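Heads up: the structure comes next, in structure tokens.
What you are looking at is a predicted structure, and each value in this text was computed from that prediction instead of being measured.
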Amino acid sequence: MENSAEDYKIQSFDQETQLLLKTALKDPSSVDLEKVSKIIVDQSLKDQMFSKEAGRICHTIVQAEAKQNNGNIFRRNLLNRLQQEFKDREETRRRSIQEWTCYVTFICYIFDYLKVNNMPMVALMHPVYDCLMRLAQPDALMKEEEVDCLVLQLHRIGEQLEKMNSQRMDELFYLLRDGFLLQEGLTSMARLLLLEILEFRAGGWMLSGTAHKYYYSEISD
């Protein structure tokens, strides 16, 4: 069943922008797709909840445009902007941890949703890995929101990423293991999240029922 535009969480926008996005979802060739991609990325960098929803919205517009006229204007603009933001990522992180984690969430959701021939886009794999590696550095592990962001993304796309490049996943998990074992000053929540994701991958990207109960009762407490 097709999603109606109302199914997408776009209520945070003014009426004019909502109309533009609703039209883009159904009839992309009738709107300025460069403007649409700019609106979606700008909002994703400000709003964590929207950065998750944006992956779904982008997927729908890409599919609609391909079906309508075999076009890829929207996808090209979206990837160009993601690339620009990727280049500026250290500056973004210095300016605002929230904006930086929104960007990581957004690029990971785009990686998850935008497929070519049912496969993740190879062009996004290394940038996604680079972002996750940055979140695994000692200074980032000291910030709970960065650890939280890292663990959430690995739950979502870790298995896909590992299938594409297991060597880089090994490198990432060496950093996480060393951080967990050796780094001083981590919060107890950061430690718990790191231990959980180490077990999650060790279990074949699954948690046993017992482990799930243990971690999630701890987290909710």
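- Remark: Phe50 engages Phe13 in a ring-ring contact (aromatic ring centres under 6.0 Å, His included) (not counting sequence neighbours).
- At least one donor-acceptor pair under 3.5 Å links the side chain of Tyr129 to the backbone N or O of Asn165.
- Between atom NZ of residue Lys52 and atom CZ of residue Arg156 there is a gap of 9.0 Å, rounded to the nearest 0.5 Å.
- For the pair Pro120/Met164, a side-chain contact is recorded, criterion being any heavy-atom separation below 4.5 Å from C-beta on.
- Taking the charged nitrogens against the carboxylate oxygens, Glu146 and Arg93 do have a contact shorter than 4.0 Å, which makes a salt bridge.
- Neither Leu25 nor Leu19 shares a network with the other; the hydrophobic side chains, linked directly or stepwise wherever heavy atoms of I, L, V, M, F, W or Y lie under 4.5 Å apart, form separate groups for each.
- Separation of atoms CG (Leu176) and CG (Leu132) is listed at 9.0 Å; rounding is to 0.5 Å.
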Inset, instruction - Show the numbers, then the answer: is there a side-chain contact (heavy atoms from CB on, under 4.5 Å) between Leu82 and Leu79? - result: CA-CA 5 Å; Leu82 279 172; Leu79 293 177; 4.2 Å; yes
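- Under a 3.5 Å cut-off, the side chain of Asp148 and the backbone N or O of Glu144 do not form any donor-acceptor pair.
- Across all their heavy atoms, Ser51 and Ser44 have their closest contact at CB-O, 3.4 Å.
- A cation-pi arrangement is absent between Arg56 and Tyr113 under the rule of less than 6.0 angstrom and at most 45 degrees off the ring axis.
- A donor-acceptor pair is defined here as one N or O able to donate and one able to accept, closer than 3.5 Å; no such pair exists between the side chain of Asn72 and the backbone of Arg75.
- A salt bridge between Arg134 and Glu90 is present, with a side-chain N of the basic residue lying under 4.0 Å from a carboxylate O of the acidic one.
- Atom CG of Leu186 sits about 9.5 Å away from atom CD of Glu184, to the nearest 0.5 Å.
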Inset, instruction - Dump the intermediate steps for side-chain contact (heavy atoms from CB on, under 4.5 Å) on Ser12 and Gln43, then the final yes or no. - result: CA-CA 9 Å; Ser12 50; Gln43 186 67 15; 3.8 Å; yes
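- The same ILVMFWY cluster, assembled from side-chain heavy atoms under 4.5 Å apart, contains both Val122 and Val116.
- Counting only N and O atoms by type, the side chains of Asp112 and Gln160 include a donor and acceptor under 3.5 Å apart.
- Under the 3.5 Å distance criterion, the side-chain polar atoms of Glu65 are matched with a main-chain donor or acceptor of Phe74.
- Ring-plane geometry between Trp205 and Phe173 is classed as perpendicular, the angle between the planes exceeding 60 degrees on a 0 to 90 degree scale with a lower cut at 30.
- Contact check on Glu85 versus Arg81 returns a salt bridge, with a Lys/Arg side-chain nitrogen under 4.0 Å from an Asp/Glu carboxylate oxygen.
- Using a distance-only test at 3.5 Å, with no hydrogens or angles considered, no donor-acceptor pair links the side chain of Glu53 to the main chain of Met49.
- Other residues, nucleotides and ligands place no more than 12 heavy atoms under 6.0 Å from the CE atom of Met206.
- Using a 4.5 Å cut-off between side-chain heavy atoms of Ile, Leu, Val, Met, Phe, Trp and Tyr, with links allowed through other members, Leu152 and Met133 fall into different hydrophobic clusters.
- To the nearest 0.5 angstrom, Glu159 atom CD is 9.5 Å from Met169 atom CE.
- Annotation: cation-pi geometry satisfied between Arg89 and Phe86 (NZ/CZ under 6.0 angstrom from ring centroid, within 45° of ring axis).
- In this structure, Asp88 does not pair ionically with Arg94, as no charged nitrogen and carboxylate oxygen lie closer than 4.0 Å.
- A 4.5 Å side-chain heavy-atom check between Ile61 and Leu33 finds at least one atom pair inside the cut-off.
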Inset, instruction - Decide yes or no on side-chain contact (heavy atoms from CB on, under 4.5 Å) for Gln63 and Lys67, but give the supporting numbers first. - result: CA-CA 6 Å; Gln63 297 288 96; Lys67 197 184 290 184; 5.9 Å; no
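- Distance alone, capped at 3.5 Å, places no donor-acceptor pair between the Ser166 side chain and the Glu162 backbone.
- Hydrophobic cluster membership differs between Leu182 and Tyr174, with clusters built from Ile, Leu, Val, Met, Phe, Trp and Tyr side chains linked at under 4.5 angstrom.
- Heavy-atom minimum distance, Ile10 versus Gln18: O-CG, 3.2 Å.
- Proximity of Leu150 to Leu193: side-chain heavy atoms (C-beta onward) are nowhere separated by under 4.5 Å.
- Salt-bridge formation is not detected for the pair Lys38/Glu34: no Lys NZ or Arg NE/NH1/NH2 atom is positioned less than 4.0 Å from an Asp or Glu carboxylate oxygen.
- In this structure a side-chain-to-backbone donor-acceptor pair under 3.5 Å is missing from Tyr103 to Val41.
- Not a single donor-acceptor pair under 3.5 Å links the side chain of Tyr109 to the backbone N or O of Val104.
- A distance of 5.5 Å separates CD1 in Ile57 from CD1 in Ile40, rounded to the nearest 0.5 Å.
- To the nearest 0.5 Å, the span separating SG on Cys58 from CG on Leu114 amounts to 6.5 Å.
- Side-chain contact between Lys26 and Lys22 is absent, with no heavy-atom pair separated by less than 4.5 Å.
- Under a hydrophobic-cluster definition in which Ile, Leu, Val, Met, Phe, Trp and Tyr are linked whenever side-chain heavy atoms come within less than 4.5 Å, directly or via other members, Met189 and Leu135 are assigned to the same cluster.
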Inset, instruction - Apply side-chain contact (heavy atoms from CB on, under 4.5 Å) to Asp47 and Cys102, showing your working. - result: CA-CA 7 Å; Asp47 179 347; Cys102 280; 5.9 Å; no
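- At a threshold of 4.5 Å between non-hydrogen side-chain atoms, the residues Leu207 and Glu196 count as touching.
- In this model, a donor atom of one side chain and an acceptor atom of the other lie less than 3.5 Å apart for Asp27 and Gln68.
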